[in-house]
Structures are given as structure tokens and as C-alpha cells.
There are 2 protein chains.
Amino acid sequence: MGLFLFLGMPSLKETLCKNVEMNNEVLRDFMSYWHPLEITKGEFISEAGKVENYFYYVEKGVLRAYFIKDGQDRSVGFTYDGDYSGAYDSFLTRKPSLFYLEALTDCKLYRISKSDLELMYDKHKDVERWGRLFNQEILFKKGFHEINVLSYTAEERFERLLRESPHMIQLVPQKHLASYLGMSAETFSRLRKKTKL
Amino acid sequence: MGLFLFLGMPSLKETLCKNVEMNNEVLRDFMSYWHPLEITKGEFISEAGKVENYFYYVEKGVLRAYFIKDGQDRSVGFTYDGDYSGAYDSFLTRKPSLFYLEALTDCKLYRISKSDLELMYDKHKDVERWGRLFNQEILFKKGFHEINVLSYTAEERFERLLRESPHMIQLVPQKHLASYLGMSAETFSRLRKKTKL
DNA sequence: TATAAAAGTTGACATATATCAAGAATGGGT
DNA sequence: ACCCATTCTTGATATATGTCAACTTTTATA
């Protein structure tokens, strides 16, 4: 059982060089700037209005990103084991963030500061490439989600979620999944019933 | 008048080093891989189902990106003078594109091939950085549009378009603006009347 | 300039989804 | 194990926006 969990959890090291060939020296140096951090369910790593100074890797746990409009809370994305997270817009632009980042479970994180990451970009071409490919990856995800929200009905979006991200149903409360898919919690619940899930 | 047009049209060279300090040698080399291309209104530079091999810079003209769902045509973005364009997802992944790219006016373009760009990434750290920052830039635009579509009513989206991209009203037929904002052409027309534009 | 084709407008009507409200189920903390 | 708070469900009702269809205006073409 312990072994299974181990297999399911890519390490920071593995994730960093998932898409890039990275010289061992460089990787060691890069790794040394990521510092561990543990937070508990309900804590925030980021709040709207503040400038974000860190970028995160989630080794274990679930994070939710959302913003508030007219008092309503709208989820824009979730992070699970083995993925990066953070208020990336604010981290890059140094402007106040639009988003909150909340732990939906206890989390084991690593993080790197803005200045350290820039140091790494300057120092290592491999890290520069890592950054390019990382930006590329989120771009794909965003593009996918945009098309999803833009061009499908609530029912189709619900079906696609079931098909493509069934794990989310387990990990994330439905009201958040609903707002992520751009529908009310009630509509989500009715679709759920209809699909007799 | 000629001068005005000149001022309003950033050159490829200016655009390439807009966000990056680029060594003159490197810039010269990089520039030499971008080849000019002219197309006329109505032509396509990219079609859904095909793998895209080029990435574009629009020196002059307007391009529209869209996809087709259930026979309906949905705009996902527009490119004007001085910006990059292309079926970027397919260009990067080498999978068949989901999008069409159509010239809404006669266009003067430059383009670079996938293999040449990768050559440049390998050869020059400055270009690698250019790529990272470029990916970052589209990421912001996408993120912005996503929030726009997700969290505002048709009326609010229409108002924001007027406020933030008034030039689009001039350059792009309304039926395309409507689908870009995720509403029917009729709804767009009614909002337009309401705002007595 | 004439004619056809495309784009935009407007009204009547249909409908998916939101909102409101009340009750049922679930889950965390003591 | 119990209780309180949160989340989820379900029904009734409201509404924004889509769809269809006819008409007008604009743009393209010969």
C-alpha cells in the first residue's frame, strides 16, 4: 500500500525534468532553490490583492484556485499530486493577484521564490528551456478548458469532466466543480442525478 | 500619412526583441529564418485536421482563428498588425490542428518553420528566453479571455469589448465578434442597439 | 451601375439554466 | 456517538439568451 502511494507520486526531481533533458549539475542546483512547506486543509497560499512571490510544486494534496465576482466564488483550476501551482499571473507580472489559492486537503509543497527562479533562468539555459516548456504546457491546458467552456452545453461539459477527469469527482466538492464548469451547483446536482452517478 | 502608418506598424525586428534583450548577432541570425509571405482576404494559412508546420508574424492585416462545432463556427481569437499568430497547438504538438486561420483582410506575413525555430532554440539562449516570454504572453491573454467568458454576462462581455478593444469593432465583422464573446449574432446586434453604438 | 450574396436587424417564441427556498444527507469536531 | 455546519438535493419559478424567420442594409462582383 505504501508502495502504491509512492508510485503514484512523482517527486519534484522527476517532475522538473519530465519534459527537459537537464544536466545533473544544473538539476542539483535548480532543486536546491525549491524549499519544502507543509500546509493544512483550509489554509491559503495566496490571496487576491497580494503580489505573489512564490511558485509552487504540489507533492501531495489538492489545491483550488478561484476568484470572487459579485460575492460569488468561481473556481478556475485545481492542482493535485505532482503538478505545479501558484498565482502565476501575479508571480510573473508583480501585480496584485486576482486569485485565491486554497488547500482542499493537507498539502506537502515545495516552492521557489521569484528572484531565485530568475537567477536560475539567467544561469542555466536548461532551466530557461524548462520555463518555456512549462509555459507551453499550461497554455495547452487553458486552451482546452476554454474551448470546453465556450462551446459545450452544461450537460456536455459535465459528461466530459466524467470522462476525462473522473478523479476530480472524488477529490473536489461538487459546488467547486460546478463553478469550474461554469454552472450552478443545482444544475450540477441534477446532471449528476440524470447520469445516475 | 505614410509616416503615421509606419509608426503604427511595429517591424518584425522590433517585435522580436520587444520583451527580450537580444544580442545583435543573434537577432540577425534569428531574423534570417523568418520568411515573408503575402496572402489575400479569404485565404487560409491553416486548416483543422492538418499538422501546422509554420508559425507566423502579422506585419499587416487581420487574421481570425476559429473552430467548427456542430456546423457552427466559433471564433477563438484575432490577430492584427504587429502580433504573432498561428495554429500554435498543432505547431508545438505536431498533432492535427483543431483550428482554421483565415485572412479577414489582405495580409503581409512572415513565418518560421518548426525545425528552424527549434534550431534557434538550441543555438541561442536569447531565443530560448524569447520563447519562454512569448508563451507567457499568450498565457496572460488566454487567462484574461477565459475569465471574461466564464464570469460575465453577455451584456458585460459586450461592454468590456467596447471598453478594452474598440478597434475590433471596426476591423472584425460582428458575427465573428459575437461568437468570440460566446453569444449569438442576434444577441450581439441587440446589445449594440441598446448601447446605441 | 446593376445584381447577387453576405451581413446585420428585428420580432415572436422556445428553452436551458439560474435563482430561490426548503428539506435531506454528509462529515468534522468534541 | 452526537450535534452543528456544511454540502447536496429537489421542486417551483424566473429570465437571459438562443433559435427561427422575414426583412433591410451593406458589400462584393460582373
Side-chain angles (χ1 to χ4, degrees), chain A residues 39-43 61-62 64 66 68-75 78 100 102-107 148-162 168-197, chain B residues 39-44 61-62 64 66 68-75 78 100 102-106 148-162 168-197:
Chain A
I39 59 172
T40 58
K41 179 170 177 174
E43 276 191 78
V62 184
R64 175 174 79 102
Y66 67 97
I68 305 260
K69 199 226 159 192
D70 300 337
Q72 278 195 325
D73 155 328
R74 310 292 218 125
S75 298
F78 305 91
Y100 297 85
E102 174 199 23
L104 293 182
T105 64
D106 292 356
C107 292
N148 195 17
V149 172
L150 257 175
S151 63
Y152 293 89
T153 63
E155 188 158 359
E156 288 170 315
R157 296 195 305 270
F158 178 78
E159 279 162 12
R160 286 164 67 92
L161 182 78
L162 285 194
M168 287 177 72
I169 312 272
Q170 317 300 331
L171 293 171
V172 179
Q174 347 190 134
K175 59 173 183 172
H176 295 147
L177 293 176
S179 81
Y180 178 65
L181 295 179
M183 65 184 73
S184 70
E186 292 92 333
T187 296
F188 190 96
S189 172
R190 288 182 182 111
L191 290 170
R192 194 162 175 272
K193 186 185 183 188
K194 201 167 162 185
T195 327
K196 48 185 174 290
L197 191 86
Chain B
I39 59 172
T40 58
K41 180 171 176 172
E43 275 191 81
F44 287 79
V62 184
R64 176 174 78 102
Y66 66 98
I68 305 259
K69 200 226 160 192
D70 301 337
Q72 277 195 326
D73 156 326
R74 309 294 218 122
S75 298
F78 305 91
Y100 297 85
E102 173 199 24
L104 293 182
T105 65
D106 292 355
N148 197 15
V149 172
L150 258 174
S151 64
Y152 294 89
T153 64
E155 188 158 358
E156 288 170 314
R157 294 193 309 268
F158 178 77
E159 279 162 13
R160 284 163 69 91
L161 183 78
L162 285 195
M168 287 176 73
I169 312 272
Q170 317 300 331
L171 294 170
V172 178
Q174 348 188 133
K175 59 175 182 170
H176 295 147
L177 292 177
S179 82
Y180 178 66
L181 295 180
M183 65 183 73
S184 70
E186 291 91 335
T187 296
F188 189 97
S189 172
R190 288 183 182 111
L191 290 170
R192 194 163 174 272
K193 187 184 182 187
K194 200 166 163 185
T195 327
K196 48 185 172 295
L197 191 85

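Reminder, nothing fancy here: chain letters follow the sequence lines and each chain counts from 1.
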Angle between ring planes, Y100(B) versus Y66(B), binned at 30° and 60°: parallel, tilted or perpendicular? parallel

Could you list all N or O pairs between the protein and nucleotides 4-7 of chain D that sit under 3.5 Å apart?
| unit_1 | atom_1 | unit_2 | atom_2 | d |
| --- | --- | --- | --- | --- |
| dT7(D) | OP1 | K175(A) | NZ | 2.9 |
| dT7(D) | OP2 | K175(A) | NZ | 2.5 |

Partner set under side-chain contact (heavy atoms from CB on, under 4.5 Å) for E43(A), not counting sequence neighbours: I39(A), T40(A)

For a quick test of reading the model: is some side-chain N or O of R192(A) closer than 4.0 Å to OP1 or OP2 of dT9(D)? yes

What is the distance, to the nearest angstrom, from the CZ atom on F188(B) to the C1' atom on dG18(D)? 16 Å

Can you name the side-chain hydrogen bond (donor to acceptor under 3.5 Å, both in side chains) partners of T187(B), sequence neighbours left out? S184(B)

Backbone N or O of A185(B) within a donor-acceptor pair of the S189(B) side chain at under 3.5 Å? no

side-chain hydrogen bond (donor to acceptor under 3.5 Å, both in side chains) partners of D106(A), counting only residues at least two apart: none

When rounded to the nearest 0.5 angstrom, what is the spacing between CD1 in I169(A) and CG in L177(A)? 5.5 Å

E102(A) meets the salt bridge (Lys or Arg N to Asp or Glu O under 4.0 Å) criterion, sequence neighbours left out, with R64(A)

Mind grabbing the angle between the end helix axes of the helix from dT1(C)-dA30(D) to dT30(C)-dA1(D)? Five pairs an end, 10° rounding. 60°

Listed pairs under 3.5 Å, donor-acceptor, residues 154-161 of chain B side chains, sequence neighbours left out:
| unit_1 | atom_1 | unit_2 | atom_2 | d |
| --- | --- | --- | --- | --- |
| E155(B) | OE1 | K194(B) | NZ | 3.2 |
| E155(B) | OE2 | K194(B) | NZ | 3.2 |
| E156(B) | OE1 | K69(A) | NZ | 3.0 |
| E156(B) | OE1 | T153(B) | N | 2.8 |
| E156(B) | OE1 | T153(B) | OG1 | 3.3 |
| E156(B) | OE2 | K69(A) | NZ | 3.1 |
| R157(B) | NE | L181(B) | O | 2.6 |
| R157(B) | NH1 | Y152(B) | O | 2.7 |
| R157(B) | NH2 | L181(B) | O | 2.9 |
| R157(B) | NH2 | G182(B) | O | 3.2 |
| R160(B) | NE | N148(B) | OD1 | 2.9 |
| R160(B) | NH1 | Y152(B) | OH | 3.3 |

Any side-chain N or O of K193(B) less than 4.0 Å from the OP1 or OP2 oxygen of dT9(C)? no

Between atom CD in E186(B) and atom C1' in dC23(D), what is the gap in whole Å? 13 Å

Just jot down the side-chain contact (heavy atoms from CB on, under 4.5 Å) partners of L171(B), sequence neighbours excluded, or say none. V62(B), Y80(B), H167(B)

Looking at S179(B), is its backbone amide N or carbonyl O close enough to the side chain of S75(B) to form a donor-acceptor pair, meaning the two atoms are under 3.5 Å apart? no

Which heavy atom in C107(A) sits nearest to a heavy atom in G61(A), and how many Å separate them? SG-CA, 3.8 Å

Nearest-Å distance, CZ (R190(B)) to C1' (dG8(C))? 11 Å

Between CD of E156(A) and P of dA16(C) the distance, given in whole Å, is 12 Å

In whole Å, I'd like the distance from the CD atom of Q170(B) to the P atom of dA7(C). 18 Å

Between CZ of F158(A) and P of dC8(D) the distance, given in whole Å, is 12 Å

Please list, pair by pair, any protein nitrogen or oxygen found under 3.5 Å from a nitrogen or oxygen in nucleotides 23-30 of chain C.
none

Distances for protein N or O near nucleotides 13-17 of chain D N or O, under 3.5 Å:
| unit_1 | atom_1 | unit_2 | atom_2 | d |
| --- | --- | --- | --- | --- |
| dT17(D) | OP1 | A154(B) | N | 2.9 |

Start with the C-alpha distance between F78(B) and L104(B), add both sets of side-chain angles, then the distance that settles side chain to side chain contact (heavy atoms under 4.5 Å, CB included), and finish with yes or no. CA-CA 9 Å; F78(B) 305 91; L104(B) 293 182; 4.2 Å; yes

To the nearest 0.5 angstrom, please state how far the OG1 atom of T105(B) sits from the NZ atom of K41(B). 8.0 Å

